[in-house]
> 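Once you've had a glance at the structure underneath, I'll fire off some questions.
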Amino acid sequence: MPASPRGGQPGYLSGLNPEQLEAVLHERGNLLILAGAGSGKTRVITTKIAWLIRERGLAPESILAVTFTNKAAAEMRDRACSIEPSCARANLRTFHSFGAWFLRRNAAAAGLDRDFTIYDDDDSTTLVRAAFPDMSRPEAGKLASAIARAKDYGLAPDSPELERRFAERDFRRRYADYESRLRATGNVDFGDLISLPVRVLDREPAIRERTHARFRVILVDEYQDSNVAQFELLKALAGPEAYVCVVGDDDQSIYRFRGAEVKNILSFPDVFPGTSIVKLERNYRSYQSILDIASSIVEKNEGRIGKTLRATRKGGEKPVLAVLRDHEEEVAYCVRVVDAHVRKGGSFSDVAILYRTNAQSLAFERALPSAGVPYRLVGALRFYEREEVKDALAILALASNRRDEVAFRRVANKPARGIGAASLEAVIGMAFAEGGDLVAAAANAPAKSAKARAGLSSFASLMARLSERLGPGDEPPDDDVPGPSAPPAMDPHAEKLSVVVEYAIRESGLLEFHKGQDEVAGTQKVANLDELVNAAADYPATRTGLSAFLEAVELDRAMSSGDSGQDAVTLITMHNTKGLEFPVVVIAGMEQGLFPRDDDGDEDLEEQRRLFYVALTRAKDELHITYCRRRLFRGRIMDYQPSRFLAEVPKEMLRFFGGKLDLSAAEAAGKWKTGAAVYHDDHGSGYVVKAAPAGEAGVCVTVHFETGRTLQFFPKFTKKLEIISD
DNA sequence: CAATTCGGGATCTGC
DNA sequence: TCCCGAATTG
């Protein structure tokens with residue numbers, strides 16, 4: 001066992017506060033760490049991993065640590081390795097990357113080919129449309145996301161509970177049809193990366209025991225974002241001897257809309273017996289004046305455990321609420337904040353402008369350059385989602401797996417090869433009848449026209465040449481070296497995959513096609529294709545290399561965009577700021593109807609509050625909140641009332657810029673809580689269904705009465721409606 | 001089968 | 001206002 005300084009603790013433990021130390025040193029039973037924003041949770045997890053290896057002699061391979069984002073996984077890996085280099089051998093991944101690793105390792109048991117590729121939401125929608133040709137694109141998208149949600153809840157097509165949550169007509173049958181179509185491609189969707197491992201672990205005792213024997217310690221970060229399926233995977237992975245430690249903050253759960261269950265964190269101690277709980281409430285990031293505002297917001301939520309953040313940094317000024325005429329003044333105000341900061345010796349990259357919707361970035365993008373403020377836009381249009389990138393990837397995916405119907409549909413006739421809808425369906429139908437090989441079907445299909453025949457055979461020949469360049473399937477990688485989701489070790493003399501990718505893009509005609517698009521529309525498609533080629537340079541030109549490359553691209557979507565590292569202001573949505581911090585933060589667009597939206601229900605409203613809480617707690621030193629009286633919305637100038645969230649902040653916590661704010665309307669909206677019992681002189685008893693600020697009219701309250709009628713009222717103008725109880 | 005016009009809808013979005 | 005998808009037309 002590694003030595004620690006005599007009579008004391010190892011140096012890397014010094015500097016931890018008592019709660020953090022308790023969390024690191026805890027080792028009996030299981031552990032739930034409730035970690036507030038900025039409380040040093042990543043430090044606790046990484047230190048704990050290093051401590052387990054160094055002081056407890058645990059093999060790095062027996063540790064599994066999962067996060068939700070690649071960024072978080074990379075950071076955890078870096079920080080853990082800087083304390084203890086052998087952490088590189090621990091399994092530190094995202095949930096989905098772990099699922100992919102597990103399924104490739106146990107492909108046969110899962111009924112998959114080991115070269116499977118992963119379908120994203122868009123691909124799932126394509127598959128739905130293939131299964132149900134009569135559906136419109138939006139309908140197919142809705143069904144695809146309902147299916148994804150069902151998988152998030154761990155519900156299979158034969159699950160008895162399916163109807164309880166998914167009331168759509170015929171949902172069970174459609175879900176089942178989608179599943180069989182998906183299985184025929186040999187590929188998986190994102191949900192499968194979680195649910196298939198659960199199934200394998202349940203059904204295969206040998207795999208279950210091997211897995212339990214391997215992972216002695218399982219850690220989960222951002223646990224409040226886990227969904228039911230991930231909870232099931234955690235239970236399936238944890239053997240009787242395993243130590244499970246989860247870290248989360250119920251106040252920062254902002255992904256309910258895609259299946260995240262705060263219940264997972266609340267019921268953790270019941271499911272994992274002997275659980276200790278440690279709360280981290282010391283905040284190392286922000287001044288108390290910022291935390292006070294954040295607390296005043298999140299306190300309004302009912303479904304929470306309850307924590308109080310205390311700042312360790314003393315000082316700091318009161319945050320500013322800027323009341324502005326319109327979105328143009330908002331930009332000008334932000335420029336002033338940036339200038340003032342830079343004049344004090346700060347840099348542009350210290351400042352972040354946060355907003356609710358991506359559309360809001362436009363005003364800033366237009367105005368900041370002329371004001372001499374460089375900016376960096378985060379996460380708007382992602383690299384992998386671009387048309388040209390998806391086209392190129394589809395060719396590669398088909399080369400990797402010739403049963404990939406989605407990829408085939410995408411690129412068989414792109415650029416146009418004279419293969420129309422009829423020919424396409426004929427080829428796919430034939431492939432289905434003969435084991436699924438679409439390339440073989442394309443080569444042999446009895447095409448209707450000579451043109452289609454020629455197109456199909458040239459496409460088939462392209463795929464054949466690509467296959468040849470990739471060579472035969474080589475030996476499976478040694479998966480007992482878990483490593484990061486890194487490229488397989490590469491012989492420096494081996495051909496690089498980038499050569500094959502370049503070949504595919506050129507020979508398929510996609511390069512010419514998109515070059516033409518660039519000239520017509522002034523886009524950057526060819527440059528993006530070049531970037532994709534570069535990204536493939538780290539992989540060998542083999543089937544395994546290709547499959548690893550496709551997985552990395554699919555699972556690490558933050559990939560590239562190029563422009564990092566320069567000194568620029570960050571423009572970012574509130575969702576995207578999770579885990580980040582900035583010395584100076586501006587939260588823009590605090591208008592009712594924009595944030596929160598008027599039609600949000602109660603639970604959505606609580607989630608929006610948590611989102612506001614996340615945004616507020618990104619600020620280290622300086623916080624500005626802006627409200628515009630008027631704003632351009634879909635090309636129209638509209639009047640807006642202040643967000644009801646502003647009324648939830650005690651006024652004395654804020655400095656006002658541009659005049660005091662009349663918050664009476666927003667306050668009134670807060671008073672008429674959804675569900676509150678009311679009495680109306682003419683209509684009798686009822687309850688509030690909805691309360692929304694309504695401009696000059698104050699607040700508009702929708703009431704459902706015992707008589708069965710639902711009516712709207714403006715309390716500002718009627719005295720007949722009164723609140724009986726909340 | 002490809003090009004053009006027309007109309008509806010428009011949040012956030014991990015992997 | 002603007003963008004994407006579907007329908008219509010050549």
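Atoms considered below: every heavy atom in the structure, side chains included; atoms not considered: hydrogens, waters and symmetry mates. Residue numbers begin at 1 in each chain, while the letters A, B, ... track the order of the sequences.
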> Decide, yes or no, whether a salt bridge links K390(A) with D123(A) under the criterion of side-chain N to carboxylate O below 4.0 Å.
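A salt bridge is present here (some side-chain N lies under 4.0 Å from a carboxylate O).
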> Quick one about N227(A) and Y255(A) (side-chain donor to acceptor, distance below 3.5 Å, no hydrogens or angles considered), yes or no?
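Y255(A) vs N227(A): no donor-acceptor pair found between side chains.
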> Between the side chains of D192(A) and R183(A), is the shortest nitrogen-to-carboxylate-oxygen separation below 4.0 Å, so that they form an ion pair?
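Salt bridge present between R183(A) and D192(A).
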> For R634(A), report the nucleic acid contact type (base, sugar-phosphate, nothing); a contact means any heavy atom under 4.0 Å.
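Answer is base: heavy atoms of R634(A) come under 4.0 Å of a base.
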> Have R356(A) and Q608(A) got a donor and an acceptor in their side chains that come within less than 3.5 Å?
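There is such a pair between these side chains.
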> Ring-on-base stacking between F257(A) and dC12(B), under 5.5 Å between centres and under 30° between planes: is it there?
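According to the criterion (under 5.5 Å, under 30°), yes, F257(A) stacks.
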> In this structure, how many angstroms lie between the C1' atom of dT13(B) and the CG atom of L354(A), rounded?
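Taking CG of L354(A) and C1' of dT13(B), I get 16 Å after rounding.
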> Categorize F190(A) for me: base, sugar-phosphate, or nothing, with a 4.0 angstrom heavy-atom threshold over every strand shown.
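Result for F190(A) = base.
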> Round to the nearest Å and state the distance from L362(A) atom CG to dT11(B) atom P.
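Going from L362(A) (CG) to dT11(B) (P), I get 14 Å.
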> Starting at atom CZ of F595(A), determine the distance to atom P of dT13(B), rounded to an integer number of angstrom.
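The distance from CZ of F595(A) to P of dT13(B) comes to 13 Å, rounded to the nearest Å.
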> Can we say E425(A) and R409(A) salt-bridge, meaning some charged N sits less than 4.0 Å from an Asp/Glu carboxylate O?
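Yes.
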> Tell me whether the side-chain N/O atoms of S423(A) come closer than 4.0 Å to OP1 or OP2 in dC1(B).
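So the side-chain polar atoms of S423(A) do come within 4.0 Å of the phosphate oxygens OP1 or OP2 of dC1(B), strictly under.
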> For the side chain of N576(A), counting heavy atoms from C-beta on, which of dA6(C), dT13(B), dC15(B) is nearest?
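Between dA6(C), dT13(B), dC15(B), the one nearest the side chain of N576(A) would be dT13(B).
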> Could you tell me the separation between the CG atom of N187(A) and the P atom of dC15(B), rounded to a whole number of Å?
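Distance, rounded to whole Å: 20 Å.
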> Which of these passes salt bridge (charged side-chain N to carboxylate O under 4.0 Å, His left out) with K578(A): D249(A), D221(A), D225(A)?
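Exactly one pass, corresponding to D225(A).
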> Taking the P atom of each, how far is dC2(C) from dT13(B), in whole Å?
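Between the two P atoms, the distance is 22 Å.
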> Can we say K300(A) and E606(A) salt-bridge, meaning some charged N sits less than 4.0 Å from an Asp/Glu carboxylate O?
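Salt bridge absent between K300(A) and E606(A).
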> Distance from I572(A) atom CD1 to S361(A) atom OG, nearest 0.5 Å?
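The CD1 atom of I572(A) sits 11.5 Å away from the OG atom of S361(A).
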> Using whole Å, what does the distance between atom C1' of nucleotide dC15(B) and atom NZ of K151(A) come to?
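One finds 14 Å between C1' of dC15(B) and NZ of K151(A), rounded.
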> Which one, dT13(B), dC1(B), dG5(C), comes nearest to the side chain of R137(A)?
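Out of dT13(B), dC1(B), dG5(C), the nucleotide with an atom closest to R137(A)'s side chain is dG5(C).
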> Where along residues 407-419 of chain A does a heavy atom come under 4.0 Å from DNA chain C, residue by residue in number order?
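None - not one residue of the stretch has a heavy atom sitting under 4.0 Å from the strand.
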> Separation of Q608(A) atom CD from dT11(B) atom P, in whole Å?
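Distance, rounded to whole Å: 14 Å.
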> Does the distance from a Lys or Arg side-chain N to an Asp or Glu carboxylate O, for D251(A) and R304(A), drop under 4.0 Å?
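The answer is yes: the pair qualifies as a salt bridge.
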> Rounded to whole Å, how long is the line connecting atom CZ of R597(A) with atom P of dT11(B)?
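To the nearest whole Å, that distance equals 8 Å.
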> Please work out whether the ring planes of F215(A) and F98(A) are parallel, tilted or perpendicular, with thresholds of 30° and 60°.
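F215(A) and F98(A): perpendicular rings.
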> So R129(A), base contact, sugar-phosphate only, or nothing? Heavy-atom distance under 4.0 Å.
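Sugar-phosphate only.
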> Looking at T573(A), I'd like to know whether one of its side-chain N or O atoms comes within less than 4.0 Å of OP1 or OP2 on dT13(B).
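So the side-chain polar atoms of T573(A) do come within 4.0 Å of the phosphate oxygens OP1 or OP2 of dT13(B), strictly under.
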> For N358(A) and dT1(C), what is the distance between atoms CG and P respectively, to the nearest whole Å?
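In whole Å, dT1(C) P and N358(A) CG are 22 Å from each other.
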> For residues 118-125 of chain A, which residues have at least one heavy atom under 4.0 Å from DNA chain B?
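Close to the strand are D121(A).
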